[in-house]
Visitor: 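Input: one structure, supplied below.
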Amino acid sequence: MMQTKEPSFNGSSEVAERVSHSATSDRPYKFVLKGAAFFFGAVVLVFVWSVLQAAWPALRQNGFHLITGTSWVAGGNGPFGAFALIADTLITTLIALLIAVPIGISSALALLFLVPPKFRTIGASLVELLAAVPSVVYGLWGLWYLTPWLSHTVQPFLAGITGSQFPFSGPQQGFSLLLAGIVLSVMILPTIVAISRDVISVVPVDLIEGGLSLGATRSQVFTKVILPTSKTGIMGAIVLGAGRALGETIAVAMVIGSNIQMPKSLFSTGGTLASTIATEFGDASGNTGAALAALALILMVITASVNAFARVLTNRAKATA
Amino acid sequence: MKKTLRRNLGVAIATIGLLSTMAVSVANASTLTGDLTFTSTDGLAAAASSINMGGSSFDEPFFNAAIPVYMSQAAKKSGSSAPTGLALYSPTGSTAGKKGVVAGTYQVGASDVPMGTINQATGTSLDSSIITGAGPSTTLSNYVQIPVVLGGVGLMYNLPSVTKKFPKNPVILNPATLAGIYDGSITKWNDTAICKLNPAIVTVKKNAAGKVTSSKCALPDTTVVPVFRADGSGTSYIFMDYLNKAAGTSFAITSGSGNSSNKPLGTQIFPNTTFSQGQVPNAGLGAQKNAGVANNVEETEGAIGYVEYSYILLQKTLPAAQIVNAAGKTVSLNATTIAAGANDFAATPPSEGTDGVVKNFSIVNGSGKGSYPIVGYSWAIVPQDFKTWNTGSKAAQTLVAMFLDWATNLSATAGQNVAKQQGYVPLPNYVRTLAASQIAQLKYDGTPIVLN
């Protein structure tokens with residue numbers, strides 16, 4: 001398979017050498033660049049350090065129970081067990097991805113190959129518009145328009161499918177993990193569409209035309225040529241979407257029901273790590289503040305792991321390519 | 001929140017209405033209480049911008065109507081010497097109000113539960129975890145706690161079919177059914193206990209001769225969704241305090257997730273500012289602030305939630321339940337019944353001891369026949385000495401004292417009248433006496449604050 005050459009500094013030592021052997025007049029410029037890089041690194045370190053410091057009392061008090069414990073008693077000195085919060089965070093993100101990934105990739109393909117050219121710009125600007133909507137607006141939309149729709153239409157329908165059994169059991173009140181997942185899916189959709197479109201659009205035309213000329217159908221070209229070629233980039237789109245879903249705060253806080261409990265079904269109410277921080281920080285007394293900082297730490301670890309996981313996948317994809 | 005906008009509009013209209021009535025009464029009243037006298041040399045106008053007030057969302061409709069009225073009244077009295085830069089009140093919740101005072105970010109923090117209240121479950125101060133660090137904020141007697149409003153907590157509910165068919169018969173609930181709804185033992189609106197309390201809400205079938213053949217409870221088979229405060233809340237405290245006193249041991253965790261390690265099933269719930277996990281049923285919905293509770297109730301059929309009366313009054317979209325009080329009478333929520341509820345405790349008025357603990361502040365479950373039982377005072381918590389607290393200038397503290405003096409005054413142009421317009425009840429005289437003596441406790445660098 002043809003490989004597009006990526007610019008890389010360690011790959012082209014010539015360039016690096018030429019950059020480092022610069023004229024004296026470049027020195028201030030280099031100084032500024034290096035300074036900026038150090039500053040950035042320092043900010044990250046100070047940030048992580050201060051979150052750790054803030055979370056320390058809760059880490060010391062609860063230890064591993066912070067992750068495994070199922071009881072979260074806020075507004076005092078605990079106990080703080082964030083298992084339900086972690087579960088809710090992962091469940092809502094997963095729902096969002098399950099909805100947004102297929103729709104997002106399909107829309108990207110459609111925007112590039114199926115939609116008549118004059119509508120492509122319209123489609124692209126619609127996607128940009130969605131991306132520019134502030135999250136609180138998605139929250140309001142979820143609260144006012146989706147809650148009644150879910151409780152009157154979607155939830156009874158889903159409950160009908162499984163006979164009110166898992167995963168569609170429990171009260172049908174709109175506010176739920178399901179609703180949070182749906183709102184998140186709409187929020188991450190523009191990210192997935194825009195990035196997938198960009199990476200698919202750089203698939204070499206020769207490949208596509210080659211496929212077509214060999215007698216492949218359009219759908220075969222999509223699944224056998226375009227998607228495999230751009231899967232690294234699409235994975236990147238999904239990870240960015242997941243990152244946004246994991247950390248989304250206010251929109252989730254508005255629709256998830258803020259009743260922390262072990263999730264029993266997709267209709268359960270609950271709270272994600274981020275939404276709980278938003279709900280409880282105002283009156284975080286005693287060790288609650290430290291526990292909320294610990295939640296932030298857990299969230300950071302989850303997001304970092306997702307990124308690392310994506311990096312591993314990407315590297316593997318590169319190696320096999 | 002679209003309703004909140006509507007409500008804020010309501011506040012604005014009410015305020016304008018109030019101002020126009022005041023224009024008349026000011027002309028009649030030859031003597032104001034002197035509270036609104038400002039001079040060009042007192043420096044109070046300049047200090048206005050350094051004052052931050054926030055806390056209890058129970059108080060928000062009051063403060064945010066009162067602050068603009070105060071400034072316009074002051075301007076009427078003192079012209080350009082009057083303060084114009086007072087910021088509006090931030091409804092961050094009672095616990096956040098207390099924390100703001102401790103941290104020095106609020107010069108006035110409001111809470112429905114006075115600072116230093118004892119947690120009945122543990123016997124220690126509810127605020128032991130709030131009062132941290134060092135300095136004057138660690139000593140309870142260094143806070144001055146001033147009652148500012150008297151309000152009722154209403155149970156607003158969303159049952160459109162019942163409200164439409166029986167507009168004159170708001171649902172009646174008693175302590176046992178309320179406790180059952182909030183501890184999860186009652187899950188449906190047509191629960192026999194609720195039906196029994198509501199003989200007027202029935203579907204009656206008659207035969208040809210007009211004789212009643214059957215009458216069936218007309219409450220729907222809808223799941224009850226108790227909406228509660230997910231953040232620290234004085235309104236939660238008042239509500240739990242009421243259920244604790246009125247329903248007693250029957251207010252316990254009998255269902256819900258019950259996985260709270262420190263409060264096993266069947267344990268009586270003591271009043272606190274937060275419902276802990278496992279203390280509310282899984283069907284319950286958490287919300288932030290009074291406005292959030294009101295919003296969630298509006299969006300959810302079958303929901304019921306506890307909010308300050310003004311949120312029901314100004315929102316006008318959903319009814320408040322009638323409550324069976326301690327005397328066994330059914331009372332609805334209005335200014336008269338709230339005042340009666342507070343008046344049952346006239347013999348034991350609230351007071352602040354030398355240790356700084358406010359005694360007798362709880363006025364729930366009054367014994368009178370016409371008393372609405374879920375009522376409470378809300379308190380402005382102010383550092384006693386801005387100098388030692390390092391929380392503001394003398395001028396700022398003087399302005400705070402003058403504002404609170406005006407806010408607790410009964411005259412037609414003063415704060416308690418604004419409160420009345422917003423759905424609160426003017427403070428009884430014996431409580432205003434306490435307010436006055438508390439304001440007199442304020443001092444700067446040890447010297448008592450003198451009002452203009």
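Convention: sequence-line order gives letters A, B, ...; per-chain numbering from 1.
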Visitor: With heavy-atom distances below 4.5 Å as the criterion, would you say the side chains of B:F228 and A:N259 are in contact?
Guide: yes
Visitor: Would you compute the distance between atom CG of A:L143 and atom CD of B:E298 and round it to the nearest 0.5 angstrom?
Guide: 10.0 Å
Visitor: Taking B:D231 for its side chain and A:E280 for its backbone only, find out whether a donor-acceptor pair lies under 3.5 Å.
Guide: no
Visitor: Sort out for me which of B:G284, B:G100, B:A303 touches chain A most, counting heavy-atom pairs under 4.5 Å.
Guide: B:G284
Visitor: What distance separates A:T147 OG1 from B:E301 CD, expressed to the nearest 0.5 Å?
Guide: 13.0 Å
Visitor: First locate atom CD of B:E299, then atom CG of A:L146, and finally report the distance between them rounded to the nearest 0.5 Å.
Guide: 11.0 Å
Visitor: For the candidates B:V102, B:N296, B:T187, which exhibits the highest count of non-hydrogen atom pairs separated by less than 4.5 Å from chain A?
Guide: B:N296
Visitor: Identify which part of B:F275 has an atom lying under 4.5 Å from any heavy atom of chain A, answering side chain, backbone, both or neither.
Guide: neither
Visitor: Within the structure provided, determine whether A:Q173 and B:L285 are in side-chain contact (heavy-atom separation under 4.5 Å).
Guide: yes
Visitor: Does CZ in A:F157 sit with more than 12 non-hydrogen atoms of other residues, nucleotides or ligands closer than 6.0 Å?
Guide: no
Visitor: Might you point out which heavy atoms bring A:A278 and B:Q288 nearest each other, and give the distance in Å?
Guide: O-OE1, 4.0 Å
Visitor: For B:D127, is it the side chain, the backbone, both, or neither that has a heavy atom closer than 4.5 Å to a heavy atom of chain A?
Guide: neither
